[in-house]
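Just below is one structure, and these are the notes that go with it.
Index from 1, following the sequence. Ligands are counted one by one from 1 in listed order, and the atoms in each one are counted from 1 as well.
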Amino acid sequence: MTEIVKAPAAKIKPKVERPRLHKVILLNDDYTPREFVVVVLKAEFNVGEDQAYNIMMTAHQKGACVVAVYTKDIAESKATRATDFAQSKGYPLMFTTEPEE
Ligand code: TYC
């Protein structure tokens, strides 16, 4: 009788890594009105009035503030849209992105 020897099951350890998230960072400047910053934060980042105000004031006082984290593509497109919108209204308001640690 033929003996069927089964090879040991290969141990496959799937290395699934979560995509790194990217921070959207609001930068302070001396020209953009505070109220306009709050309007942009509410429109692009779906935050309420109080949260938008707190984010704006943190950037105003410290120079920059993390607004939110997203996947790379979404972080970059939101930062670009918000920066472009401000520029279209004549303001130098800037949003940048950077990968989370
Ligand atoms: N510093 C601006 C002013 O005094 C307001 C401001 C706040 C601008 C936060 C940008 O990210 C910013 N009018």
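Residues Glu35 and Met56 form no side-chain contact, since every pair of their non-hydrogen atoms from C-beta on lies 4.5 Å or further apart. A 4.5 Å side-chain heavy-atom check between Leu21 and Thr71 finds at least one atom pair inside the cut-off.
For atom 4 (O) of ligand 1, the closest non-hydrogen atom on the protein side is His60 CE1, 3.1 Å.
Separation of atoms CG (Asn28) and CG (Leu93) is listed at 9.0 Å; rounding is to 0.5 Å.
Between Leu27 and ligand 1, at least one pair of N/O atoms sits closer than 3.5 Å. Of the polar atoms of Asn28, at least one N or O is found under 3.5 Å from an N or O of ligand 1, judged by distance alone. Ligand 1 has an N or O atom lying under 3.5 Å from an N or O atom of Thr32, backbone or side chain.
Atoms of ligand 1 found under 4.0 Å from any heavy atom of Leu93, numbered from 1 in the order shown, are 10 (C), 11 (O). Close contacts between ligand 1 and Leu26 involve ligand atoms 11 (O) [criterion: under 4.0 Å to a heavy atom].
Paired with Phe95 under the rule ring pair (Phe, Tyr, Trp, His ring centres under 6.0 Å), one option of Phe85, Tyr70, Phe45 passes, and it is Phe45.
When the options Asp30, Ile25, Asp29 are ranked by their closest heavy atom to atom 1 (N) of ligand 1, first place goes to Asp29.
Taking the six-membered ring for Trp, Tyr31 and Tyr91 have ring centres at least 6.0 Å apart.
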